[in-house]
Amino acid sequence: MDTTTLLLEKDEMGRILERLAAEVLERHPGCRDLMIVGIQRRGVDLARRLAALLEARCGASVPLGTLDINLYRDDWTSLEGKPHIGTSHIPEGPDGRVVLLVDDVLFSGRTVRAALEAILDYGRPRAVELAVLVDRGHRELPIHADYVGRQVTTERRWHVDVLLEERDGEDMVRLDIRD
């Protein structure tokens with residue numbers, strides 16, 4: 001029997017983003033040398049929200065980029081699976097900056113590995129940090145998030161769905177339990 005459980009509603013998501021912004025500012029007062037890069041698709045939407053919160057709090061513009069990682073994925077095992085290639089936009093070189101990668105869900109770590117490869121094609125950041133809305137565990141690679149909105153215990157076959165106003169018309173995070 002399949003079940004869906006609401007993990008986060010709109011207000012909770014807003015509070016989590018406010019907390020994540022505060023945590024980023026603790027490490028990076030004034031947002032100096034900070035660049036935010038959202039991983040396509042929903043990571044970009046969350047990165048935009050986080051950048052707006054940071055800019056409002058530190059009173060300075062924070063460079064915001066988008067990153068499509070499809071060409072860097074390691075799960076394209078045949079030529080029959082044709083990846084949809086989106087666009088990346090990195091407004092300034094990451095050299096010497098702290099790049100804050102933003103994504104919706106951290107699971108195996110493979111998306112983040114691909115994002116790290118992709119960002120290095122643009123330059124060499126001083127450091128790369130990771131912010132995620134949900135960390136659901138089950139890492140296949142030694143990757144962890146520096147900023148986590150919500151830690152959720154799941155089984156591998158379950159699925160975490162992040163819905164965002166910008167794409168889906170509403171904000172919520174659901175856990176789909178599949179048997």
Side-chain angles (χ1 to χ4, degrees), residues 13-76 83-137 139-151 160 162 164-167 171 173:
M13 289 173 67
R15 285 191 300 273
I16 285 172
L17 287 171
E18 290 279 351
R19 178 176 49 81
L20 292 176
E23 290 175 14
V24 170
L25 280 173
E26 283 180 23
R27 287 192 195 177
H28 306 286
C31 303
R32 286 179 296 282
D33 297 326
L34 183 66
M35 173 186 284
I36 299 175
V37 176
I39 299 173
Q40 289 286 4
R41 297 180 311 155
R42 285 172 178 78
V44 169
D45 300 327
L46 293 169
R48 286 185 180 121
R49 293 182 189 188
L50 193 57
L53 291 169
L54 289 170
E55 288 178 357
R57 289 181 177 195
C58 71
S61 177
V62 179
L64 174 64
T66 64
L67 196 60
D68 180 82
I69 53 98
N70 279 316
L71 286 177
Y72 298 88
R73 292 176 56 135
D74 63 3
D75 58 354
W76 302 116
H84 168 74
I85 307 303
T87 59
S88 293
H89 172 71
I90 306 298
E92 303 172 15
D95 294 333
R97 294 180 175 273
V98 174
V99 172
L100 176 60
L101 286 175
V102 179
D103 205 6
D104 58 348
V105 178
L106 178 56
F107 180 37
S108 68
R110 293 188 178 277
T111 296
V112 176
R113 183 217 46 89
L116 290 168
E117 274 188 55
I119 201 71
L120 290 174
D121 279 350
Y122 289 91
R124 184 165 184 211
R126 184 178 76 222
V128 178
E129 296 176 352
L130 176 63
V132 296
L133 184 63
V134 176
D135 182 346
R136 62 167 294 196
R139 246 26 121 248
E140 296 172 9
L141 300 170
I143 290 175
H144 76 280
D146 300 281
Y147 311 95
V148 176
R150 173 74 55 91
Q151 187 94 29
V160 174
V162 175
L164 298 173
E165 184 75 36
E166 296 89 337
R167 291 184 189 279
D171 283 344
V173 179

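What you are looking at is a predicted structure, and each value in this text was computed from that prediction instead of being measured.
- Residue pairs satisfying the side-chain hydrogen bond (donor to acceptor under 3.5 Å, both in side chains) criterion with at least one member in residues 30-41, sequence neighbours excluded, are absent.
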Show me, pair by pair, the donor-acceptor contacts under 3.5 angstrom made by side chains of residues 91-98, not counting sequence neighbours?
from	atom 1	to	atom 2	distance (Å)
E92	OE1	R97	NH2	2.2
D95	OD1	R124	N	2.5

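- Taking L120 as the reference, P125 meet the side chain to side chain contact (heavy atoms under 4.5 Å, CB included) condition, with sequence neighbours excluded.
- In this structure, R126 has no side chain to side chain donor-acceptor pair (under 3.5 Å) partners at least two apart in sequence or on a different chain.
- The heavy-atom pair separating S61 from P63 by the smallest distance is O-CD, 3.9 Å.
- The CD1 atom of I69 lies 4.5 Å from the OG1 atom of T111; values are rounded to the nearest 0.5 Å.
- Every residue two or more places apart in sequence or in another chain that forms a side chain to side chain contact (heavy atoms under 4.5 Å, CB included) with L130 is listed here: L101, L106, V112, V132, I143, A145, D146.
- Not counting sequence neighbours, E26 has no partner by the side chain to side chain contact (heavy atoms under 4.5 Å, CB included) test.
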Derivation of the side chain to side chain contact (heavy atoms under 4.5 Å, CB included) call for S108 and L141: CA-CA 7 Å; S108 68; L141 300 170; over 6 Å; no

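- Considering only heavy atoms from C-beta on, L50 comes within 4.5 Å of L100 through its side chain.
- Partners of R49 according to the side chain to side chain donor-acceptor pair (under 3.5 Å) rule, which considers only residues two or more places apart in sequence or in another chain, are E166, D171.
- For the atom pair L133 CG and I16 CD1, the distance stands at 5.5 Å (nearest 0.5 Å).
- Although no hydrogens or angles enter the test, the distance criterion places no donor-acceptor pair under 3.5 Å between the side chain of T66 and the main chain of G38.
- Scanning all heavy atoms of the two residues, the minimum distance from C31 to L25 falls at SG-CD2, 3.6 Å.
- A salt bridge between E23 and R19 is present, with a side-chain N of the basic residue lying under 4.0 Å from a carboxylate O of the acidic one.
- Taking all atoms of both residues into account, the shortest heavy-atom contact from S88 to D68 is OG-N, 2.7 Å.
- Evaluation of the side chain to side chain donor-acceptor pair (under 3.5 Å) rule for D121 yields Y72 as partners, not counting sequence neighbours.
- Sequence neighbours left out, the pairs with a member in residues 53-65 that pass salt bridge (charged side-chain N to carboxylate O under 4.0 Å, His left out) are E18-R57.
- Judged as a salt bridge (charged side-chain N to carboxylate O under 4.0 Å, His left out), and not counting sequence neighbours, the contacts of D45 are R48, R167.
- Between the CD1 atom of I119 and the CD1 atom of I39 there is a distance of 9.0 Å, given to the nearest 0.5 Å.
- Taking E129 as the reference, H28, Y147 meet the side chain to side chain donor-acceptor pair (under 3.5 Å) condition, with sequence neighbours excluded.
- Looking at L34 and L54, their side chains come closer than 4.5 Å, going by heavy atoms from C-beta outward.
- The main-chain N or O of V162 is found under 3.5 Å from a side-chain atom of R42 such that the two form a donor-acceptor pair.
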